[in-house]
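A short write-up of the structure that comes next.
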Amino acid sequence: MSLRLYDTGTRSIRDFQPRKPGHAGVYLCGLTVQGPPHIGHLRSGVSYDVLIRWLRRSGYDVTYVRNVTDIDDKILVRGEEQGRPWWAIAYENERKLARDYAALNVAPPTYEPRATGHITQMTDLIASLVERGHAYATESGDVWFSVSSWADYGELSHRRPEDMLSSAETGAKRDSRDFGLWKAHKPGEPEDAAWTSPWGPGRPGWHIECSAMARRYLGDAFDIHGGGTDIMFPHHENELAQSRAAGLDFAKYWVHNGMLNLSGTKMSKSLGNTLSVAALGEKGFSAAAVRYYLTSVQYRSAVDFSEEALAEAQSAWERLSNFVHRTAEALGTEATIGGALAPEFTAAMDDDLNTPAAVAVLHETAREGNAALDAGDDAAAARAGAGVRAMLDQLGLDPLDPHWDDPGDAKLTGAVDALVKLALEQRAEARARKDYAAADRIRDDLAHAGITVKDTPRGPVWTVD
RNA sequence: GGUGGGUUGGCCGAGUGGUUAGGCAGCGGCCUGCAAAGCCGUCCACACGGGUUCGACUCCCGUACCCACCUCCA
């Protein structure tokens, strides 16, 4: 059994067989940094993070490229609106994106190229397309891809030319479906938003950057290309057409993640119905719970976001986290190291990353482990504890990973620990003389301070809410 | 209008032609001074109408509704 993935191009589940044994080249369309990221974007980041982790676990040496589109019409508009340089807008949002990826434990890609750093690779590719007769420049200095020159156009999204409406881009193009490769600089646009090219000053169209950057870092042919279903057409279709027309094999598999909806419609920058990770944090949801929430749904399914569902996910996540902590406290942290992935977990992951089924295995294992702890079966408990930890770690959700710790002041934590211990000693004395009113008062006082105390067979344990 | 996906129990969410998904919430019990956590048990299901089949939630046809894309968008 090995990894099988749903491939949009063939509309089927296919065995993953890399072009180069032992290596996997993956390109993910990252974000256009016109605004701060929302959790729909983060869903994409988490989904592919899970894929990359699984590929690595499966023994592949993975080269993972996730681009940043830092030049685009809307970024220029934002700059104009805010009276700031367009590149200041782009970089600010890129930093926010990096911050949110990090918060959700999304590992950095191997390379994270910016569009503006690869203009040369793009103009080279465009020149090649013009030379081959698949693109043409107009008087204005724009360059268009000729859709009619490429017979396979539509092979990815399975659209027939007669079904297609005209591209939104206007200009002196020969066919309404032709899309822009190079946009001539227009009067009034920032001078520093233009680069020199054989067709005059201008900037690249959206689609060409991904073709150029994928080629630059992954070669003319690579394994997996990913992105959201919303950019399958026209973006990916255009990428595919222009790359193939330029003589490149391009991606072998196309993977698309489902949308995250809010109140029934897609969360998107243009609709304004967005929700950030920080906003969820203010509502009391932990970053780990958000990651768990996004992971507990298969990546291709649409997710209708709701706080209720997220709250349920947080409870479920805490159950797993509690179990791992409980095992570590009872048997020592070293007993939770080196666990094995359950065969059912591996089978679920290999089956087009069926994370909900994988998570079900986690819960079943945790239940067995909790029962073993209750029964005093340390060996079985350790096996379950280490297994759950290993499987959670595989999903980027190891509760003992320092990543999830609150970055609080270590000295302050030490001081609080000493004070709470003092209070708990007094409570223990009260309980010993069966003065439960006094004991409960101490516990209530601590609760008011945000400290939850629970009694375990090995004594009280406290946590900060 | 075109293309694709979906409709599972109070909620989230997998899956299979005949066997308990899993979680959250609820209910009963065990444990606990109480609580929390945990364990055991339990209620609640496959949009609707036909068809195929010994048997369909699971395959086929139709209907309804929802979502995405067809225009910038993960």
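Chain identifiers are assigned alphabetically (A, B, ...) following the order of the sequence lines, protein sequences preceding nucleic acid strands; residue numbering begins at 1 within each chain. Please read these numbers as outputs of a predicted model, since none were measured by experiment.
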Would you indicate which nucleotide in [options] comes nearest to any side-chain atom of [X]?
{"X": "A/Asp440", "options": "B/rC24, B/rG33, B/rA74", "result": "B/rG33"}
{"X": "A/Arg326", "options": "B/rG38, B/rA68, B/rC39", "result": "B/rG38"}
{"X": "A/Gln298", "options": "B/rU71, B/rA14, B/rA74", "result": "B/rA14"}
{"X": "A/Cys29", "options": "B/rA68, B/rG33, B/rA74", "result": "B/rA74"}
{"X": "A/Glu312", "options": "B/rG22, B/rC11, B/rA68", "result": "B/rC11"}
{"X": "A/Lys74", "options": "B/rG22, B/rC72, B/rG13", "result": "B/rC72"}
{"X": "A/Asn354", "options": "B/rG15, B/rA74, B/rC40", "result": "B/rG15"}
{"X": "A/His38", "options": "B/rA14, B/rA74, B/rC24", "result": "B/rA74"}
{"X": "A/Ser44", "options": "B/rA74, B/rA14, B/rA37", "result": "B/rA74"}
{"X": "A/Arg159", "options": "B/rG2, B/rG38, B/rG22", "result": "B/rG2"}

Taking only side-chain nitrogens and oxygens of [X], does any of them come within less than 4.0 Å of OP1 or OP2 of [N]?
{"X": "A/Arg319", "N": "B/rC39", "value": "yes"}
{"X": "A/Thr8", "N": "B/rG5", "value": "no"}
{"X": "A/Lys266", "N": "B/rC69", "value": "yes"}
{"X": "A/Asn370", "N": "B/rA37", "value": "no"}
{"X": "A/His41", "N": "B/rA74", "value": "yes"}

Do [X] and [Y] sit within salt-bridge range, that is, some charged N less than 4.0 Å from a carboxylate O?
{"X": "A/Arg78", "Y": "A/Glu81", "answer": "yes"}
{"X": "A/Lys283", "Y": "A/Glu307", "answer": "yes"}
{"X": "A/Glu368", "Y": "A/Arg383", "answer": "no"}
{"X": "A/Asp398", "Y": "A/Arg389", "answer": "yes"}

Atom [atom1] of [X] and atom [atom2] of [N]: how far apart are they, to the nearest Å?
{"X": "A/Leu156", "N": "B/rA68", "atom1": "CG", "atom2": "C1'", "result": "15 Å"}
{"X": "A/Met259", "N": "B/rG5", "atom1": "CE", "atom2": "P", "result": "16 Å"}
{"X": "A/Leu362", "N": "B/rA14", "atom1": "CG", "atom2": "P", "result": "15 Å"}
{"X": "A/Ile451", "N": "B/rA35", "atom1": "CD1", "atom2": "C1'", "result": "17 Å"}
{"X": "A/Leu320", "N": "B/rG23", "atom1": "CG", "atom2": "P", "result": "10 Å"}
{"X": "A/Gln314", "N": "B/rC11", "atom1": "CD", "atom2": "C1'", "result": "16 Å"}
{"X": "A/Leu260", "N": "B/rC69", "atom1": "CG", "atom2": "C1'", "result": "17 Å"}
{"X": "A/Leu28", "N": "B/rA74", "atom1": "CG", "atom2": "C1'", "result": "8 Å"}

With Watson-Crick and G-U wobble geometry limited to distances under 3.5 Å, how should the secondary structure of RNA chain B be encoded in dot-bracket form, using | for bases paired to another strand and [ ] for crossing pairs?
(((((((..(((.....[...))).(((((.......)))))....(((((..]....))))))))))))....

Does [X] reach a base, just sugar-phosphate, or nothing at all? Heavy atoms under 4.0 Å.
{"X": "A/Arg78", "value": "nothing"}
{"X": "A/His256", "value": "nothing"}
{"X": "A/Gly226", "value": "nothing"}
{"X": "A/Ser301", "value": "sugar-phosphate"}
{"X": "A/Asp73", "value": "nothing"}
{"X": "A/Met232", "value": "nothing"}
{"X": "A/Gly40", "value": "base"}
{"X": "A/Ala316", "value": "sugar-phosphate"}

Among side-chain atoms of A/Glu112 and A/Asn67, is any donor-acceptor pair under 3.5 angstrom?
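No, A/Asn67 and A/Glu112 have no side-chain donor paired with an acceptor closer than 3.5 Å.
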
Is any side-chain N or O of [X] under 3.5 Å from a base N or O of [N], one able to act as donor and the other as acceptor?
{"X": "A/Glu364", "N": "B/rG22", "result": "no"}
{"X": "A/Arg443", "N": "B/rC34", "result": "yes"}
{"X": "A/Asn322", "N": "B/rG38", "result": "no"}
{"X": "A/Arg11", "N": "B/rG4", "result": "no"}

Mind checking the [atom1] distance from [N] to [M]? Whole angstroms is fine.
{"N": "B/rC39", "M": "B/rA68", "atom1": "C1'", "result": "44 Å"}
{"N": "B/rA25", "M": "B/rU58", "atom1": "C1'", "result": "28 Å"}
{"N": "B/rU8", "M": "B/rC66", "atom1": "C1'", "result": "15 Å"}
{"N": "B/rC34", "M": "B/rC43", "atom1": "P", "result": "28 Å"}
{"N": "B/rC69", "M": "B/rC24", "atom1": "C1'", "result": "33 Å"}
{"N": "B/rC70", "M": "B/rC44", "atom1": "C1'", "result": "41 Å"}
{"N": "B/rC48", "M": "B/rG6", "atom1": "C1'", "result": "16 Å"}
{"N": "B/rC60", "M": "B/rG23", "atom1": "P", "result": "31 Å"}

Evaluate the ring planes of [X] and [Y], with Trp represented by its six-membered ring, and classify them as parallel (under 30°), tilted (30 to 60°) or perpendicular (over 60°).
{"X": "A/Tyr27", "Y": "A/His225", "result": "tilted"}
{"X": "A/Tyr292", "Y": "A/His363", "result": "perpendicular"}
{"X": "A/His235", "Y": "A/His207", "result": "tilted"}
{"X": "A/His236", "Y": "A/His256", "result": "tilted"}
{"X": "A/Tyr293", "Y": "A/Phe305", "result": "perpendicular"}

Does some side-chain heavy atom of A/Gln394 sit less than 4.5 Å from a side-chain heavy atom of A/Phe345?
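Yes, close enough: below the 4.5 Å cut-off.
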
Is any side-chain heavy atom of A/Ile126 closer than 4.5 Å to a side-chain heavy atom of A/Phe145?
no

Return the 5'-most residue of the pair A/Arg431, A/Asp374 with respect to RNA chain B, ranking by each residue's nearest nucleotide.
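Its nucleotide being nearer the 5' end, the pick is A/Arg431.
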
A/Ala439 or A/Met267, whichever maps to the more 5' nucleotide of RNA chain B
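The residue closer to the strand's 5' end, by nearest nucleotide, is A/Ala439.
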
